Number of protein chains: 2
Amino acid sequence: MAEKSESSRDAILAAARREFAARGYAGARMEAIARRAGINKAMLFYYFSSKEKLYQTILHEVMSEFFTQISGLVTTELTPALFMEKFPELYIRLCADHPDFVRIVAFDLIHNPDNICAVMAGIISQMTSFQPHPLFELIKRWHEKGLISEADPIHFMMNIVSLSIFSFIGKPMVEAISGIRVASDKDFYRKRVTSVVNVLKQGMLK
Amino acid sequence: MAEKSESSRDAILAAARREFAARGYAGARMEAIARRAGINKAMLFYYFSSKEKLYQTILHEVMSEFFTQISGLVTTELTPALFMEKFPELYIRLCADHPDFVRIVAFDLIHNPDNICAVMAGIISQMTSFQPHPLFELIKRWHEKGLISEADPIHFMMNIVSLSIFSFIGKPMVEAISGIRVASDKDFYRKRVTSVVNVLKQGMLK
DNA sequence: GAATGGTTTAACCATATGGTTAATATAACA
DNA sequence: TGTTATATTAACCATATGGTTAAACCATTC
């Protein structure tokens, strides 16, 4: 019985993730989530008392996954060069493997930044393995030692994150404008990593 | 009377732009648009026969503005260095001046890429002053001449566009993670331009 | 000043949608 | 086997929402 209940809950979460990713919060339909999960709509409200609550659960799940993965990076003996290699590598793979996550987070960043920022802050404060402040201090020291050219850690990170993530949102746009369609997504993202790492190391390493 | 009609139409368009940007297509309410425009809801349907049509009008308007501005760039005698300076400069200013535009386009890129790509393609094909294919050919030639390090024009453009646009979506995220709040948006985006231009020129120019 | 044509409104309508209820099925356990 | 707690469903409900209608308003023209 516990099994059945678990499978229902999981089915709901999986279906909800897809639906929210595909249509955004306002566009998502509880009915559609139920159908996708192969259950009755009333079940949704049995397991999750409201649309809002279901959404927050998903959001939390998604963000946790991301931060857990990233925390693995920062523990290493970090050099700027290593960081600029490993971060895009990890981030681009992560986004490519979980396209739904990117859409959900991006949507919330655009339309509900306060909420998602609160969720992030909550997750970070609960994690013992990853605290961002030391990372930003480290970046500052890298510049003081003359290892990197960008003095402001915010812009340093922004450059890395931009190059890593944006293609997942902007790819269709660049394709539409250029008229060039990338042949295979897998190849595209592999090439993306090398291009990003090159630009970063050449562009920000002193 | 023509004045009054024009002002109603314009009021609707302005209100719709704000509402769609704030809540996305599905979350936007025709009622709310009417209220924001200071008119009756029925007026919306008098001027724009449906929500979908109103949205498409906005989308078209927004994209046209963008492409018109960008077309001004490409006509110049273009060198890679010049391009890497002027493009981020223009793009970041444009996005900072029209935050609604960014949100609308980003939303559609995430949830409805086919539609917005079709709109883009339509606008480009109608413009005589900007055709992207020659630009992409030019980029290819820059690499053949040994002026830039990235061989693939798609990734070359992707790097430039990513660095220019992403901060408008990701700023709250980086702020939340770092715990650092940027003091003034104006200063932030000015610094953003210099940081981006530095990375690009150092990172992609040979 | 009445006819004309675009503009504006209040009052409606049909339907979609988040959410509820009361009853049933099912497994576990005493 | 009867009791209990959880899981599941069909049928509802209230409200929100995109869209409509018919009448009024107003400026212009004849």
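Worth saying up front: this structure is predicted, and the values here are computed from it rather than measured. Order of the sequence lines fixes the chain letters, A, B, ..., with proteins taken first and strands second; residue numbering starts at 1 for each chain.
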Q: Grab the two heavy atoms, one from A:Glu150 and one from B:Ser195, that are nearest each other, plus how far apart they are.
A: OE1-OG, 2.6 Å

Q.
Under 4.0 Å, heavy atoms only, any strand: does A:Met43 hit a base, just the sugar-phosphate, or nothing?
A. base

Q.
Just N and O in the side chain of B:Tyr46: are any of them under 4.0 Å from OP1 or OP2 of D:dT20?
A. no

Q: Looking only at side-chain atoms of B:Tyr47, point me to the closest of C:dA10, C:dG18, C:dT8.
A: C:dT8

Q: Identify whether the distance between the nearest side-chain nitrogen and carboxylate oxygen of A:Lys171 and A:Asp185 falls below 4.0 Å.
A: yes

**Q.** For atom CG of A:Leu44 and atom C1' of D:dA7, their distance in whole Å
**A.** 14 Å

Q) Which part of the nucleic acid, if any, lies within contact of B:Ala28, taking any heavy atom under 4.0 Å across all strands shown: a base, the sugar-phosphate backbone alone, or nothing? A) sugar-phosphate

(Q) Output the rounded distance in Å from NZ (A:Lys51) to P (D:dT15). (A) 19 Å

Q | Donor-acceptor side-chain pairing of B:His155 and A:Arg192 below 3.5 angstrom | A | yes

Q: Quickly work out the A:Met30 CE to D:dA16 P distance and round it to whole Å.
A: 18 Å

Q) What integer distance in Å separates B:Glu31:CD from D:dT20:C1'? A) 15 Å

Q. Which class fits the ring pair A:Phe168 and A:Tyr189: parallel under 30°, tilted 30 to 60°, perpendicular over 60°?
A. parallel

**Q.** Heavy-atom donor-acceptor pair, A:Lys41 side-chain to C:dG18 base, under 3.5 Å
**A.** yes

Q | 5'-most by nearest nucleotide on DNA chain C - A:Arg29 or A:Ser49 | A | A:Arg29

Q) For B:Phe48 and C:dT7, what is the distance between atoms CZ and C1' respectively, to the nearest whole Å? A) 14 Å

Q. Does the side chain of A:Asp108 pick up a donor-acceptor pair with the side chain of A:Tyr55 at under 3.5 Å?
A. yes

Q: Measure from CG on B:Leu54 to P on D:dT17 and round the result to the nearest Å.
A: 16 Å

Q) Quick one: B:Lys53 NZ to D:dG18 C1', roughly how many Å, whole number? A) 16 Å

Q. Looking at A:Ser50, does any N or O in its side chain come under 4.0 Å of the phosphate oxygens OP1/OP2 on C:dG18?
A. no

Q: Would you kindly compare A:Phe45 and B:Ala42 by the position of their nearest DNA chain C nucleotide and give the one closer to the 5′ end?
A: B:Ala42

Q. Please give, in whole Å, the distance from C:dG19 P to A:Ile12 CD1?
A. 14 Å

